[in-house]
Amino acid sequence: MADKKAQLTIEGETWDFPIMEGSTGPDVVDIRKLYGQTGKFTFDPGYKSTASCESSLTYIDGNKGVLLHRGYPIGQLAEHSSFMEVSYLLLNGELPSADELYDFENTITRHTMLHEQLMTFYRGFRRDAHPMAIMCGVVGALSAFYHDSTDISDPEHRRISSHRLIAKMPTIAAMAYKYAVGQPFLYPDNSLSYTGNFLRMTFGVPAEEYEIHPAVEKAMDRIFILHADHEQNASTSTVRLAGSSGANPFACIAAGIACLWGPAHGGANEACLNMLHEIGTPDRIPHYIERAKDKNDPFRLMGFGHRVYKNYDPRATVMQKTVREVFDALGVNDPVFETALQLEEMALNDDYFKEKKLFPNVDFYSGAILSAIGFPTTMFTALFALARTVGWVAQWNEMISDPGQVIGRPRQLYTGPTQRDYVPLEKR
Ligand code: SDX
């Protein structure tokens, strides 16, 4: 690490703070001793200028629109890899050999069943419960089921918990869909791929064989790859913060699901398709673009903009290509895609969006694909959570195994009343 320093002068006194360099991307100013030395906190609501940890999982260059998982570009992984292989890569740091991949897939496959008692948890929900409410509840409930792996300081316990979470999310998500539509749950089929198994549990029925459409299986698997991990986003930071107290891993992932649900984050895919349907025909796009630019109108273009990307989200590029592939394979042509294409075209040529560097993000096109495959919009964020579980789990493992890991506990700028004495009721 170079001995570069940053200097801070406050009221005539100067302090040095070391600058740490990563393998690529911005350096960081190590301010861990700032409060002890200066009695001052930094102030960074939303953490726009704050690195919360060291990580070797995912690198994003927002200005260039670059996304790497363990150094591999997302476009290459989406083109040549599989969700299981990317999951192995995120968890272990290297692409697997054929044997390693076989063993990993085999292990995950054999954890896809849920404890029979968990089926009863679904019965407690209304049929119209949002699938993300069910995902939160059922994944949190998993923390009551695995007493054989609660010692998170034991790498073996962390490994089995990680595998259980990755394996069971498709089953939990598929069951949330089945419960909503009133069809019976289907058990996993170990002869199928991870993604094929998910499609069958979701759209298959006991009354007949379910035929997996190869183009749909490939597109779904690619969508899972595109959602697998994304540096220290809000839900990943939630999982890390929950995990920093030593909490149960299943409970930590449930916290991540809760955070992802918000429309500013993973909930944007559902909100985006609803927005595109509300816009309806392309002639109504200018009106909505004006609304998005109006400071007095809370309306925003869902699926547009990003805290880190100030260029095109590379995942959106792959997603747009995948829309065309799925539409061609299924022989569909949802006009909502045309509306999305024209909305993108108009927004990217508008000075407001150009000046604020607002581009389509991962959520802008995903809904058109998921809708064509047959998912209701309410399931979109549940699919995001299914895929992001491997990222959450990999980031959680990285945090727990970091020897310098401490409980996360931010401070504040206090602006409330200073100390005052209690006033008895009769004197108020
Ligand atoms: C995800 O962090 C991640 O990595 C997340 C994610 C992941 O994989 O984990 O990539 C997944 O969450 C993608 C983002 C999905 N959300 C949406 O599509 C919702 C719509 N987008 C916005 O709400 C917004 O762009 C955010 C929340 C994504 C980012 O917000 P920031 O970084 O806090 O930026 P901002 O809100 O301060 O916006 C900067 C400016 C503002 O104008 P000014 O106050 O400077 O005048 O741009 C404007 C905003 O008003 N703006 C938009 C806009 N997004 C930002 N104006 C209109 N439409 C939009 N979509």
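Counting convention: from 1, in listed order, for ligands and their atoms alike.
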query: Less than 6.0 Å separating the ring centroids of Phe375 and Phe203?
result: yes
task: Could you pull out the closest heavy-atom pair between Leu341 and Tyr365, with the gap in Å?
output: CD2-OH, 3.5 Å
- request: From the options His306, Lys310, Glu231, select the one whose nearest heavy atom is closest to atom 5 (C) of ligand 1.
  value: His306
- prompt: Would a 4.5 Å heavy-atom cut-off, applied to side chains only, mark Met346 and Asp350 as touching?
  reply: no
task: List the closest protein heavy-atom neighbour of atom 9 (O) of ligand 1: residue, atom name, distance to the nearest 0.1 Å.
output: Arg388 NH1, 2.8 Å
message: Salt bridge or not between Arg291 and Asp297? Use side-chain N to carboxylate O under 4.0 Å.
response: yes
- request: Would you check if the distance from the ring center of Tyr312 to the ring center of His306 is below 6.0 Å?
  value: no
task: Report the part of Asp313 in contact with ligand 1, treating N, CA, C, O as backbone and CB onward as side chain, heavy atoms under 4.0 Å; options are side chain, backbone, both, neither.
output: neither
message: Give me the atom names and distance for the closest heavy-atom approach of Tyr210 to Arg200.
response: CD2-CA, 3.5 Å
query: Among protein heavy atoms, which lies nearest atom 28 (C) of ligand 1, and at what distance?
result: Gly305 O, 3.7 Å
query: How far is atom 42 (O) of ligand 1 from its nearest protein heavy atom, and which residue and atom is that?
result: Lys295 NZ, 3.6 Å
query: Are Lys4 and Glu21 close enough for a salt bridge, meaning some N to O gap below 4.0 Å?
result: yes
- prompt: Are the aromatic ring centres of Phe359 and Tyr309 under 6.0 angstrom apart?
  reply: no
- prompt: Between Ala264 and ligand 1, does any nitrogen or oxygen pair lie at a separation below 3.5 Å?
  reply: yes
statement: protein heavy-atom neighbour closest to atom 45 (O) of ligand 1 works out as Lys356 NZ, 3.6 Å
task: Could you find the nearest protein heavy atom to atom 23 (O) of ligand 1 and give me its residue, atom name and distance?
output: Arg300 NH1, 3.0 Å
- prompt: Any nitrogen or oxygen of Phe353, main chain or side chain, under 3.5 Å from a nitrogen or oxygen of ligand 1?
  reply: no
- request: Run the ring-centre check on Phe364 versus Phe304 and record whether the distance is less than 6.0 Å.
  value: yes
field: Distance flag for atom 12 (O) of ligand 1, protein heavy atom under 4.0 Å
entry: yes
message: If I apply the N/O under 3.5 Å rule, does Ala268 come out as touching ligand 1?
response: no
message: With respect to Gly303, determine whether any N or O atom, backbone or side chain, lies less than 3.5 Å from an N or O atom of ligand 1.
response: yes
message: Among all the protein's non-hydrogen atoms, which is closest to atom 48 (C) of ligand 1, and how far away is it?
response: Tyr352 OH, 3.5 Å
- request: Answer yes or no: does an N/O atom from Asn361 fall short of 3.5 Å to an N/O atom of ligand 1?
  value: yes
field: Arg240 side, atom CZ; Ser237 side, atom OG - distance, nearest 0.5 Å
entry: 8.0 Å
task: Specify whether the nearest protein heavy atom to atom 26 (C) of ligand 1 is under 4.0 angstrom away.
output: no
- request: Could you check atom 31 (P) of ligand 1 against the protein and tell me its nearest heavy-atom contact, residue, atom and distance included?
  value: Arg307 NE, 3.6 Å
statement: Looking only at non-hydrogen atoms, the one of Leu301, Asn233, Leu67 nearest atom 59 (C) of ligand 1 is Leu301
message: Strictly below 4.0 Å, N to O, side chains only: are Asp148 and Arg164 in salt-bridge contact?
response: yes
Protein residue, atom and distance nearest to atom 37 (O) of ligand 1, heavy-atom basis: Lys48 NZ, 3.7 Å
